[in-house]
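These notes are about the structure you will find just below.
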Number of protein chains: 2
Amino acid sequence: MRYSRDNMAGLLRSHDINPTHQRIEIAYALFSRMEHLSADQVMTQVNVHHSETSKATVYNTLNLFLQKGLIREVIVDPNKVFYDPNTRPHHHLYDVESGRLTDIDAEEIHINGLPPLPEGMTMEGIDLIVRIRKAA
Amino acid sequence: MRYSRDNMAGLLRSHDINPTHQRIEIAYALFSRMEHLSADQVMTQVNVHHSETSKATVYNTLNLFLQKGLIREVIVDPNKVFYDPNTRPHHHLYDVESGRLTDIDAEEIHINGLPPLPEGMTMEGIDLIVRIRKAA
DNA sequence: CTAGAGTTTGGACTTTGTCTAATTGCGGCA
DNA sequence: TGCCGCAATTAGACAAAGTCCAAACTCTAG
Ligand SMILES: [Mn+2]
Ligand SMILES: [Mn+2]
Ligand SMILES: [Zn+2]
Ligand SMILES: [Zn+2]
C-alpha cells in the first residue's frame with residue numbers, strides 16, 4: 001500500500017482522528033517514509049519548507065496517534081522515543097552506533113520457554129530487540 | 001551468594017574499580033537488594049541517613065560500573081534507565097503500571113527464526129521485554 | 001454573523017542526565 | 001609529621017526530551 005498526502009485524511013478518520021493540516025503533515029512524515037522517527041525528526045520533517053507546526057503540536061499529535069493505535073512507540077535508546085508507523089506485530093534490529101532501527105516480522109520469530117504470567121496479569125506485548133554494531 | 005557491605009570492596013576490586021566510600025555505598029544499594037533501580041532511587045537509598053553522596057557521583061559511579069561490566073542497564077521506560085546488578089544473561093518482565101522489573105533467566109528461553117545479521121555486523125545482545133499489566 | 005468546541009501555540013516548567021572547575025581525600029615519601 | 005600529586009567528589013550550570021497551560025486561532029452549526 002502506497003501512502004500519499006491524499007491518503008492521510010482517510011487513514012486518520014479510520015482511526016477516529018479528526019484530520020487537520022498539522023496532523024496530516026505529521027502522519028505523512030511517518031507513513032510516506034515508513035521509518036522509525038524520533039519526535040525531533042518528525043518536527044524537522046514537518047517544518048522543512050516553512051515553519052508551520054509547533055513542538056507542542058508534534059508531541060500532542062504523536063501521543064494522540066499512539067493512543068488511537070495509529071502508530072506505536074519503540075523504546076531502545078535512553079535518550080529518545082522512536083515512533084513507528086508499523087503496527088503489525090514485529091521486532092527490531094537496533095544499530096547502537098547509527099541509531100537505525102530495522103523491522104523483523106514477528107511471524108518468523110518463535111519464542112519458547114516464557115514463564116507463566118504472575119496471577120491476575122495480562123500480557124500487553126513482547127518486545128524483542130537485537131542490538132548490533134559494526135564488527136570490530 | 002549473600003552481599004554485605006564488607007563484600008563490596010572485594011567485588012569492586014575484582015572489576016578493577018577502586019573502592020571508595022561512595023562507590024561501596026552505591027554498590028551496596030544495588031547488590032544488597034538485587035533489584036533494578038533508577039539513578040534517582042540509588043541516590044535516595046544512598047542518602048537515607050545523612051546526605052553523603054552527590055548526584056554527580058551517583059551518575060559517574062553508575063556509568064563507571066556499567067563500563068566495567070559490574071552492572072548493566074535496562075531500557076524499558078521512556079523516562080529513565082534502570083540499573084541491574086544481575087549481569088547473567090537474562091530477560092525482563094515489566095509491569096508497565098507499577099514500573100517493577102522481574103528477571104527471566106535466559107536459559108529457559110529459546111528464540112528461533114532470527115534473520116541473519118546484516119553484513120559486517122556483530123550482535124551485542126538480545127533484549128526481550130514482556131510488558132504486563134493488571135488484568136482488566 | 002456569532003457562539004462554542006476543538007486545535008494549535010509560545011514559552012515556562014520539569015525531569016533526567018552531563019559537564020566543568022574547584023575542592024577534598026589519601027597514599028607515598030622526605 | 002608535613003608536603004606532594006593524583007584520583008575522586010562536589011555544587012551548580014547546562015542540555016535535551018518532553019509536559020503543561022492559558023491565550024489565540026479555526027471551523028462549523030445555527
Ligand atoms: Mn562481571
Ligand atoms: Mn526524557
Ligand atoms: Zn518497527
Ligand atoms: Zn534484570
Side-chain angles (χ1 to χ4, degrees), chain A residues 8-9 12-13 15-30 36-47 49-68 70-84 96 99 101, chain B residues 8-9 12-13 15-30 36-47 49-68 70-84 96 99 101:
Chain A
M8 291 299 106
L12 294 182
R13 272 190 218 97
H15 281 79
D16 198 26
I17 297 165
N18 195 0
T20 65
H21 178 61
Q22 284 88 341
R23 289 171 180 175
I24 287 173
E25 288 300 316
I26 291 171
Y28 186 67
L30 286 161
H36 309 81
L37 300 180
S38 66
D40 203 63
Q41 291 173 309
V42 170
M43 180 83 177
T44 301
Q45 275 310 321
V46 148
N47 290 323
H49 293 310
H50 47 297
S51 177
E52 52 184 3
T53 307
S54 70
K55 183 178 65 154
T57 297
V58 169
Y59 278 103
N60 286 347
T61 300
L62 290 171
N63 286 329
L64 176 69
F65 287 2
L66 222 42
Q67 178 206 317
K68 296 291 189 180
L70 177 60
I71 62 178
R72 62 140 116 175
E73 59 185 348
V74 183
I75 299 167
V76 284
D77 182 303
N79 297 312
K80 54 181 167 291
V81 169
F82 285 99
Y83 295 90
D84 191 344
V96 296
L101 276 168
Chain B
M8 290 301 105
L12 294 181
R13 270 189 221 98
H15 282 80
D16 198 25
I17 297 166
N18 196 358
T20 65
H21 179 62
Q22 285 88 340
R23 289 172 180 174
I24 287 172
E25 288 301 316
I26 291 170
Y28 186 67
L30 285 161
H36 308 81
L37 301 180
S38 66
D40 202 63
Q41 291 174 311
V42 170
M43 179 84 177
T44 301
Q45 275 310 320
V46 148
N47 289 323
H49 294 307
H50 48 296
S51 178
E52 52 184 4
T53 307
S54 71
K55 184 177 63 151
T57 297
V58 169
Y59 279 102
N60 285 346
T61 301
L62 289 172
N63 287 329
L64 176 69
F65 287 1
L66 222 42
Q67 179 205 316
K68 296 292 190 179
L70 177 60
I71 62 178
R72 62 139 115 175
E73 61 185 345
V74 183
I75 299 167
V76 284
D77 182 302
N79 298 313
K80 52 180 168 295
V81 168
F82 286 100
Y83 295 90
D84 191 343
V96 294
L101 275 168

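For the numbers below, each heavy atom of this structure counts, side chains included, while hydrogens, waters and symmetry mates do not. Predicted model, so just to flag it, every value in this text is computed and none were measured. In what follows, every chain begins at residue 1, and chains take the letters A, B, ... in the order their sequences are listed.
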At under 4.0 Å between heavy atoms, what does A:Thr53 touch on the DNA or RNA strands: base, sugar-phosphate, or nothing? sugar-phosphate
Counting the atoms with a prime plus P, OP1 and OP2 as sugar-phosphate, which does B:Asn63 contact under 4.0 Å by heavy atoms, base, sugar-phosphate, or nothing? sugar-phosphate
How long is the span from the [atom1] atom in [X] to the [atom2] atom in [Y], to the nearest 0.5 Å?
X       : Y       : atom1 : atom2 : value
B:Ile75 : A:Ile75 : CD1   : CD1   : 10.0 Å
B:Leu64 : B:Ile17 : CG    : CD1   : 5.0 Å
B:Lys68 : B:Thr61 : NZ    : OG1   : 13.0 Å
B:Phe65 : B:His15 : CZ    : NE2   : 10.5 Å

Check the phosphate of [N] against [X], side-chain N and O only, distance under 4.0 Å to OP1 or OP2. Yes or no?
X       : N      : answer
B:Thr57 : D:dT10 : yes
A:Asn18 : C:dT7  : yes
B:Thr20 : D:dT9  : yes
B:Gln22 : C:dG25 : no
B:Asn60 : C:dG17 : no
B:Tyr59 : C:dG17 : yes

Is there a donor N/O on one and an acceptor N/O on the other, under 3.5 Å, for the side chain of A:Lys55 and the base of C:dG10? no
Quick one: [X] [atom1] to [N] [atom2], roughly how many Å, whole number?
X       : N      : atom1 : atom2 : result
B:Lys80 : C:dT15 : NZ    : C1'   : 10 Å
B:His21 : D:dT9  : NE2   : C1'   : 12 Å
A:Met43 : C:dT8  : CE    : C1'   : 12 Å
A:Leu64 : D:dT19 : CG    : C1'   : 16 Å
B:Asn47 : D:dA11 : CG    : P     : 10 Å
B:Glu52 : D:dA8  : CD    : P     : 18 Å
A:Asn79 : D:dC14 : CG    : P     : 21 Å
B:Phe82 : C:dT16 : CZ    : P     : 10 Å

Checking contacts here: which listed nucleotide (D:dG12, D:dT9, D:dG18) is nearest the side-chain heavy atoms of B:Thr61? D:dT9
Counting distance only, does the side-chain N/O of B:Asn47 pair as donor-acceptor with the main-chain N or O of B:Glu52 below 3.5 Å? yes
